[in-house]
Amino acid sequence: MFDCQQCGACCASFRVSFYWAEADDAPGGTVPVALTEPVSPQLRCMQGTGRKPVRCVALQGDVGVAVSCGIYAQRSSTCRSVKPGDAQCLKARAAHGLSLA
């Protein structure tokens, strides 16, 4: 029903924070550390999501038109947890004036 590659609202609505060890400077980490910033000793977030206006540094394209994630295969567990049509998705779509149906 919802096509993430036409939306991208979640990437431009929320702070994308995750456990520091998900970054690639930790053994087994995948998120490029150069695209993150510290939130606390235990958390990092994607650059561009820690302040308003929110837009993840990895988001490419125009929200609501055509988007992609520049690090899709390396994205954090936080990004992986958002599912098309879930509460976070609908909240982000509403914030960007996108259809909820």
Side-chain angles (χ1 to χ4, degrees):
M1 176 187 246
F2 296 110
D3 182 351
C4 295
Q5 291 184 314
Q6 289 181 336
C7 183
C10 60
C11 305
S13 295
F14 307 115
R15 183 176 77 185
V16 180
S17 59
F18 49 90
Y19 185 58
W20 69 270
E22 289 190 53
D24 65 3
D25 63 341
T30 59
V31 180
V33 70
L35 301 181
T36 71
E37 56 190 45
V39 174
S40 73
Q42 295 82 23
L43 296 176
R44 293 184 180 173
C45 73
M46 292 301 294
Q47 291 176 5
T49 68
R51 60 194 164 285
K52 303 282 184 189
V54 173
R55 184 177 172 101
C56 180
V57 66
L59 180 63
Q60 301 170 348
D62 298 316
V63 173
V65 180
V67 295
S68 64
C69 175
I71 62 163
Y72 188 79
Q74 294 88 22
R75 71 196 187 283
S76 73
S77 60
T78 304
C79 299
R80 293 173 191 274
S81 72
V82 178
K83 303 296 182 205
D86 72 7
Q88 290 294 85
C89 167
L90 296 178
K91 184 176 177 180
R93 289 180 66 84
H96 285 273
L98 301 174
S99 169
L100 301 180

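- Across A12 and L59, no two heavy atoms sit closer than the pair CB-CD2, 4.4 Å.
- Atom CD of Q60 has more than 12 heavy atoms from other residues, nucleotides or ligands within 6.0 Å.
- Judged purely by atom type and a 3.5 angstrom limit, H96 has no side-chain atom pairing as donor or acceptor with the backbone of K91.
- D86 places a side-chain N or O within 3.5 Å of a backbone atom of C89 that can act as its donor or acceptor partner.
- Rounded to the nearest 0.5 Å, atoms OG1 (T36) and CZ (F18) are 5.5 Å apart.
- R80 places a side-chain N or O within donor-acceptor distance of the main-chain N or O of R75, the cut-off being under 3.5 Å.
- Nearest heavy-atom pair across R93 and L100 is CB-CD2, 3.8 Å.
- Atom CG of L98 is separated from atom CZ of F2 by 9.5 Å, given to the nearest 0.5 angstrom.
- In summary, the side chains of E22 and S77 do present a donor paired with an acceptor at a separation below 3.5 Å, with no hydrogens or angles considered.
- Both V57 and I71 sit in one connected hydrophobic cluster of ILVMFWY residues. Membership requires side-chain heavy atoms under 4.5 Å apart, directly or through other members.
- To the nearest 0.5 Å, atom OG of residue S99 and atom CG of residue L90 are 9.5 Å apart.
- Under a 3.5 Å cut-off, the side chain of Q74 and the backbone N or O of G29 do not form any donor-acceptor pair.
- When all heavy atoms of C11 and V54 are compared, the pair lying nearest together is O-CG1, 4.1 Å.
- Taking each heavy atom of S13 and A92 in turn, the nearest pair found is OG-CB, 3.5 Å.
- Side-chain contact between R55 and V63 is present, with heavy atoms from C-beta onward closer than 4.5 Å.
- Nearest approach of V33 to R44, heavy atoms of both residues: CG2-NH1, 2.8 Å.
- In this structure, CE on M46 lies 9.5 Å from CD on E37, to the nearest 0.5 angstrom.
- The distance from the OH atom of Y19 to the OG atom of S40 is 10.0 Å, given to the nearest 0.5 Å.
- By the 4.5 Å heavy-atom criterion applied to side chains, V16 and C45 are not counted as neighbours.
- Between the side chain of K52 and the backbone N or O of T49 there is no donor-acceptor pair closer than 3.5 Å.
- A distance of 12.5 Å separates SG of C7 from CG of D62, quoted to the nearest 0.5 Å.
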